[in-house]
Chemist: 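One structure follows; several queries about it will come next.
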Amino acid sequence: MAYWLMKSEPEAFGIDALKARPRQIEPWDGVRNYLARNYMRDRMNVGDLAFMYHSNCEEPGIYGIMEIATPAYPDPSQFDRKSKHYDAAARPEEPRWYLVDVRYKRHLARPVPLANLRAQTERLKGFKLLAPGSRLSVMPVSPEHWEFILALEGTGSMR
DNA sequence: GCCAACGTTGGC
DNA sequence: GCCAACGTTGGC
């Protein structure tokens, strides 16, 4: 089993919205970055776990845990002219963008803010989220980093 | 194939 | 709202 981190803007779709879905499942659509796509399409498996990271908000950080609920399949929004994720270059017989469905697992008891992650330069060495200028919206998390971040969950502010 | 221009991301 | 970093586009 592998671990992941997936970013979302909570104003658009956050952990609360995922929990509120009827089956607590949602397609993770709109990813338009090739590396992020490749992670979903080629390396994710059903049952993998992912942190939900909230970006572009008052307190960026990790807020919840999701489970990968489906294998990757073509993102329907690429073919939808009315979608803001529409891609005129994508054709059904040759899809360009893929997604997975995610299922709500739980909220973190206490969110782990980005600032707290940044303070852990030693233990989180190599974590892609903390790489300068990193904007990847889907990235792998090593088992060691996953466990360490979960250990931060209950600790509140690290300051 | 280079690279400048452009659009987007996302912390602050 | 600012702006730095990054990915993509398109002219040449």
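Note on naming: letters A, B, ... go to the chains in the order of the sequence lines (proteins, then strands), and numbering restarts at 1 for each one.
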Chemist: Is it true that His85(A) and Asp80(A) share a donor-acceptor pair across their side chains at a distance under 3.5 Å?
Modeler: no

Chemist: What is the separation between atom CG on Leu35(A) and atom P on dT9(B), rounded to the nearest whole Å?
Modeler: 15 Å

Chemist: Measure from OH on Tyr53(A) to P on dT9(B) and round the result to the nearest Å.
Modeler: 14 Å

Chemist: Measure the distance from CD on Glu58(A) to P on dG10(B) and round it to the nearest whole Å.
Modeler: 18 Å

Chemist: Looking at Lys7(A), I'd like to know whether one of its side-chain N or O atoms comes within less than 4.0 Å of OP1 or OP2 on dG10(B).
Modeler: yes

Chemist: What about Arg135(A): does its side chain form a donor-acceptor pair under 3.5 Å with the base of dT8(B)?
Modeler: yes

Chemist: Is any side-chain heavy atom of Tyr3(A) closer than 4.5 Å to one of Ser142(A)?
Modeler: no

Chemist: Which whole-number value in Å describes the distance from Leu136(A) CG to dG7(C) C1'?
Modeler: 11 Å

Chemist: DNA chain C: Pro132(A) or Asn56(A), which has the more 5' nearest nucleotide?
Modeler: Asn56(A)

Chemist: Is it the case that the side chains of Ser77(A) and Arg32(A) hold a donor-acceptor pair, with the cut-off being a distance below 3.5 Å and no angle test?
Modeler: yes

Chemist: Rounded to whole Å, how long is the line connecting atom CD of Glu11(A) with atom P of dG11(B)?
Modeler: 14 Å

Chemist: What's the NE2-C1' distance between His54(A) and dT9(B), to the nearest Å?
Modeler: 17 Å

Chemist: Mind calculating the distance between CG (Asp87(A)) and P (dT9(C)) to the nearest angstrom?
Modeler: 8 Å

Chemist: OP1 or OP2 of dC6(C) less than 4.0 angstrom from a side-chain nitrogen or oxygen of Tyr34(A), does that happen here?
Modeler: no

Chemist: Could you tell me whether the side chain of Glu153(A) and the main chain of Ala109(A) form a donor-acceptor pair under 3.5 Å?
Modeler: yes

Chemist: Report the distance from atom CZ of Arg32(A) to atom P of dT9(C), rounded to the nearest whole Å.
Modeler: 12 Å

